[in-house]
Colleague: 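Sharing a structure with you now.
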Amino acid sequence: MNTFKKEERLNSKKTIQCLFASGKSFFNYPFKVYYLLSDANSSTSTAILFSVGKRQFKKAVDRNKLKRLCREAYRLNKSALIKKIKEKEKHMDIAVVFVGKSIPEYKEIEQKTKKYLEHLSSIV
RNA sequence: UUGGCUAUUCGCUCUAUCGCUAUUCCGCUUUUGUGGAAGAGAGGAAAGUCGGGACAACGCAGGACGCCAUACUUCCUAACAGGAAGGUAUUUCGUGCAAACGGAAUAACAGCUAGUGCAACAGAAAGUAUUCCGCCUAAGAUUGUUUUCGAACAGUACGGUAAGGGUGAAAUCGUGGAGUAAGAGCCCACGCCUGUUUAUGCGAAUAAACUUGAGGUAAACCUUAUGGGUUGUAAGACCAAAUAUACCGGGAAUUUUUUGCUUCGGCAAGAAUAGAGGCUUGUCCGGCCAAUCCCGGAGGGUAGGUUGCUAGAGCUUCGGAGCGAUUCGUAGCCCAGAUAAAUGAUAGAGGUUCUACUUAGUAGAAAACAGAAUCCCGCUUAUAGAAUAGCCAAAAAU
RNA sequence: UGACCCAUGGUGUAACUGGCAACACGUUUGAUUUUGGUUCAAAAGAGUCCAGGUUCGAGCCCUGGUGGGUCAA
């Protein structure tokens with residue numbers, strides 16, 4: 001099922017700081033992706049957060065909309081990555097930062113999301 | 001009919017699939033987790049944080065001052081810098097010969113007759129008025145001439161004069177008359193304005209009579225009246241986990257210490273508790289502040305959860321009170337509660353507006369401002385488009 | 001979420017208690033020099049973030065907005 005529960009989201013201050021400090025990153029315009037691989041220690045295999053900067057988008061409406069679109073795209077396309085990580089018995093923290101300066105269409109976001117998910121699964 | 005302004009109301013709807021957030025019910029397992037079902041899930045401004053409350057914590061009691069806010073009147077409200085009704089002033093439109101009346105808009109609309117201050121440049125003078133130009137020579141002063149030695153005539157300003165000129169944003173009430181040497185609210189009439197009294201009105205005020213003649217500026221200091229303690233839900237309360245012992249509060253018991261004498265029980269003298277200093281809402285008054293033991297809190301560390309948290313100055317219907325803001329009663333309803341941040345995506349149908357084709361259908365396009373974070377009441381700002389009412393303007397028809 | 005501050009030539013700052021918006025650097029032109037720099041002489045460049053109001057007169061006072069920044073954790 002294409003669910004997206006709270007456990008799959010990254011919401012601890014400590015782990016987020018750890019991720020940005022010691023995680024690796026790559027660009028895939030309009031996204032910048034941070035990730036950190038570790039051994040499996042919890043029930044879930046991935047935890048992700050989406051971020052849109054206040055500098056690019058001043059209005060809260062735009063930021064909310066972008067985050068929702070990104071989350072929707074991830075929810076519908078994440079199954080392949082999770083499967084692969086589960087086989088290897090690992091855990092991955094991911095942070096996706098939106099770097100672009102205009103709001104793209106949903107289809108465009110979906111394509112880019114697929115790309116970076118493929119990249120991540122190849123790393124695993 | 002079109003356009004503008006003001007006020008009020010609304011600000012896309014429905015269906016399917018896949019999700020997210022909490023709630024209720026059922027099943028399985030049962031600390032909890034998991035599966036299914038049901039109905040619910042951003043706004044008129046959620047924004048700005050500009051007023052005002054609710055709620056909470058804090059101060060060692062209390063008082064004075066300071067500071068801040070408000071400012072025509074009455075009413076409404078939990079309260080307000082909000083609203084309603086009314087008054088006054090200004091602007092504007094209409095009617096009218098005019099006086100005036102009516103409509104609309106705007107107003108930080110208490111007090112310079114409480115005190116202090118300020119007014120560049122220009123100008124004589126910017127505030128107890130004053131003589132730069134001008135005007136006058138009546139009285140007094142002074143110069144000259146004449147002289148019947150009483151004075152007369154002609155000048156003058158160091159005399160009189162604020163009517164006129166010029167300067168300025170502003171020049172000591174305005175217009176007309178009387179008056180005078182020339183002039184002046186010096187006097188008179190009308191007007192404006194200040195105060196008092198009377199009448200009407202709850203009141204702001206209005207009207208009449210008498211009186212006064214006094215420049216502007218309070219979004220200058222200030223005065224008067226009224227109100228305000230300060231800080232804010234990241235306030236605060238609780239649980240779990242964690243635990244060296246600085247510091248603080250409360251209670252208990254005593255005074256303590258130095259030197260000298262001693263019969264070792266005490267006695268005598270001095271010092272400390274005074275002052276200074278510190279703490280206490282912005283200041284002052286005022287208040288509190290030595291050491292030992294016990295109890296409690298707190299610091300450090302760990303950084304999670306619960307609560308506060310959403311049933312309320314709540315919404316809707318009907319009826320009453322009031323010009324109105326608003327309020328009273330009755331019946332019904334439950335309407336977001338997230339926490340690195342839920343309220344979304346896709347597809348289809350319909351409605352609205354615009355454009356094109358063409359003549360009532362087809363095709364295409366568009367849909368603003370904007371996202372809860374303790375909650376309410378207002379204000380301000382942003383806003384595609386739609387509806388209703390009033391006013392204004394233009395055009396057309398009758 | 002709450003509290004608060006600032007905005008003036010291209011840049012950095014002034015402007016007392018409302019009265020001609022000033023200074024430095026930079027820019028341009030000329031002189032000096034074989035040329036450049038230094039130095040000297042001159043010139044241009046703003047109407048004070050925006051919109052209203054008070055006032056005879058606002059950079060300054062008042063109101064509303066815009067943009068930027070600071071603090072509390």
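Chain identifiers are assigned alphabetically (A, B, ...) following the order of the sequence lines, protein sequences preceding nucleic acid strands; residue numbering begins at 1 within each chain.
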Colleague: With a 3.5 Å limit on both atom pairs, tell me what B:rU255 is paired to, counting Watson-Crick and G-U wobble, or say none.
Modeller: B:rA272
Colleague: Testing the basics here: between A:Asn77 and A:Leu117, what is the closest heavy-atom pair and its distance to 0.1 Å?
Modeller: O-CD1, 3.4 Å
Colleague: Identify which nucleotide among B:rA345, B:rA347, B:rA372 has an atom closest to any side-chain atom of A:Ala60, counting heavy atoms from C-beta outward.
Modeller: B:rA372
Colleague: The test is side chain to side chain contact (heavy atoms under 4.5 Å, CB included); show your working for A:Phe27 and A:Val99 and say whether it passes.
Modeller: CA-CA 9 Å; A:Phe27 270 101; A:Val99 190; 4.3 Å; yes
Colleague: Please state how far atom CZ in A:Arg63 lies from atom C1' in B:rG344, giving the value in whole angstrom units.
Modeller: 18 Å
Colleague: How far, in whole Å, is B:rA208 from B:rC101 if one measures between their P atoms?
Modeller: 13 Å
Colleague: Does A:Arg68 put a side-chain nitrogen or oxygen below 4.0 Å from OP1 or OP2 of B:rC20?
Modeller: no
Colleague: Starting at atom CG of A:Asn64, determine the distance to atom P of B:rA373, rounded to an integer number of angstrom.
Modeller: 12 Å
Colleague: Nearest-Å distance, NZ (A:Lys65) to P (B:rU343)?
Modeller: 11 Å
Colleague: For B:rA78 and B:rA372, measure between their P atoms and round to the nearest Å.
Modeller: 30 Å
Colleague: Can you check the A:Lys78 NZ to B:rG19 P distance for me, whole Å?
Modeller: 10 Å
Colleague: Write down the distance separating the P atoms in B:rC328 and B:rC315, rounded off to the nearest Å.
Modeller: 13 Å
Colleague: Give me the distance, rounded to whole Å, that separates B:rA237 from B:rU343 when you measure between the P atoms they each carry.
Modeller: 35 Å
Colleague: Measure CD1/A:Ile94 against P/B:rA340 and give the value in whole Å, please.
Modeller: 19 Å
Colleague: Assess the pair A:Phe50 and A:Phe98: is the distance between their ring centroids shorter than 6.0 Å?
Modeller: no
Colleague: Before giving the answer on side chain to side chain contact (heavy atoms under 4.5 Å, CB included), spell out for A:Lys112 and A:Phe31 the whole-Å C-alpha distance, their side-chain angles and the decisive distance to 0.1 Å.
Modeller: CA-CA 8 Å; A:Lys112 299 286 180 183; A:Phe31 298 109; 3.6 Å; yes
Colleague: Specify the residue among A:Asp62 and A:Lys107 whose closest nucleotide of RNA chain B lies further upstream toward the 5′ end.
Modeller: A:Lys107
Colleague: Salt-bridge test for A:Glu110 and A:Lys107: reply yes if a basic N is under 4.0 Å from a carboxylate O, no otherwise.
Modeller: no
Colleague: Please give the distance between the P atoms of C:rC49 and B:rC65 as a whole number of Å.
Modeller: 42 Å
Colleague: For atom P, what is the distance between B:rU130 and B:rG159, given to the nearest Å?
Modeller: 13 Å
Colleague: So what does A:Lys67 touch, heavy atoms closer than 4.0 Å: a base, only the sugar-phosphate, or nothing?
Modeller: nothing
Colleague: Rounding to the closest angstrom, what is the interatomic distance between B:rA114 and B:rA99 at atom P?
Modeller: 36 Å
Colleague: Between A:Lys32 and A:Val97, is there a donor-acceptor pair closer than 3.5 Å when you use the side chain of the first and the backbone of the second?
Modeller: no
Colleague: Which atoms form the tightest heavy-atom contact between A:Ile109 and A:Cys70, and what is the distance?
Modeller: CG2-CA, 4.3 Å
Colleague: Sort out the partner of B:rC75 for me: Watson-Crick or G-U wobble, both distances under 3.5 Å, none otherwise.
Modeller: B:rG83
Colleague: Does A:Arg75 contact B:rC20 through a side-chain donor or acceptor facing the base, at a distance under 3.5 Å?
Modeller: no
Colleague: Any strand counts, and the cut-off is 3.5 Å on both contacts for Watson-Crick or G-U wobble. Which nucleotide pairs with B:rA22?
Modeller: none
Colleague: Could you tell me how far apart A:Leu76 (CG) and B:rA347 (P) are, to the nearest whole angstrom?
Modeller: 13 Å
Colleague: Does B:rU1 have a Watson-Crick or wobble mate here (both distances under 3.5 Å), and if so which one?
Modeller: B:rA394
Colleague: B:rA204 pairs with which nucleotide, Watson-Crick or G-U wobble, both distances below 3.5 Å?
Modeller: none
Colleague: Identify, with sequence neighbours excluded, every residue that meets side-chain hydrogen bond (donor to acceptor under 3.5 Å, both in side chains) alongside A:Tyr35.
Modeller: none
Colleague: Of A:Phe50 and A:Leu69, whose nearest nucleotide on RNA chain B comes first from the 5' end?
Modeller: A:Phe50
Colleague: Syn or anti for C:rU54, given that syn means the glycosidic angle lies within 90° of 0?
Modeller: anti
Colleague: Name the orientation of the base relative to the sugar in C:rG47: syn if the glycosidic angle is within 90° of 0, else anti.
Modeller: syn
Colleague: State the syn/anti category of C:rG59 according to its glycosidic angle, syn meaning within 90° of 0.
Modeller: anti
Colleague: Can you tell me the base-pairing partner of B:rU156? Count Watson-Crick or G-U wobble geometry only, both distances below 3.5 Å, and say none if there is no partner.
Modeller: B:rA141
Colleague: Among pairs that include at least one residue of residues 113-124 of chain A, which meet salt bridge (charged side-chain N to carboxylate O under 4.0 Å, His left out), considering only residues two or more places apart or in two chains?
Modeller: none
Colleague: Between B:rU346 atom C1' and A:Glu110 atom CD, what is the distance in whole Å?
Modeller: 10 Å
Colleague: Under 3.5 Å for both donor-acceptor distances, Watson-Crick or wobble: does B:rU17 have a partner, and if so which one?
Modeller: B:rA345
Colleague: Does B:rG185 sit syn or anti, given that only angles within 90° of 0 count as syn?
Modeller: syn
Colleague: With a 4.0 Å cut-off on heavy atoms, is A:Arg71 in touch with a base, just the backbone sugar-phosphate, or nothing at all?
Modeller: sugar-phosphate
Colleague: Can you tell me, in whole Å, how much space there is between the C1' of B:rG41 and that of B:rU24?
Modeller: 15 Å
Colleague: Mind telling me whether B:rG140 is syn or anti, cutoff 90° either side of 0?
Modeller: anti
Colleague: Does the side chain of A:Ile48 come within less than 4.5 Å of A:Val96's, by heavy atoms?
Modeller: yes
Colleague: Looking at B:rC210, which nucleotide sits across from it as a Watson-Crick or G-U wobble partner, both distances under 3.5 angstrom, or is there none?
Modeller: B:rG195
Colleague: A:Asp93 has an atom CG; how far is it from atom P of B:rA340, in whole Å?
Modeller: 15 Å
Colleague: For RNA chain C, what is the dot-bracket line, given that a base pair needs Watson-Crick (N1 to N3, plus N6-O4 or O6-N4) or G-U wobble (N1-O2 and O6-N3) geometry with both distances under 3.5 Å, and | means paired with another strand?
Modeller: (((((((..((((.....[..)))).(((((.......))))).....(((((..]....)))))))))))).
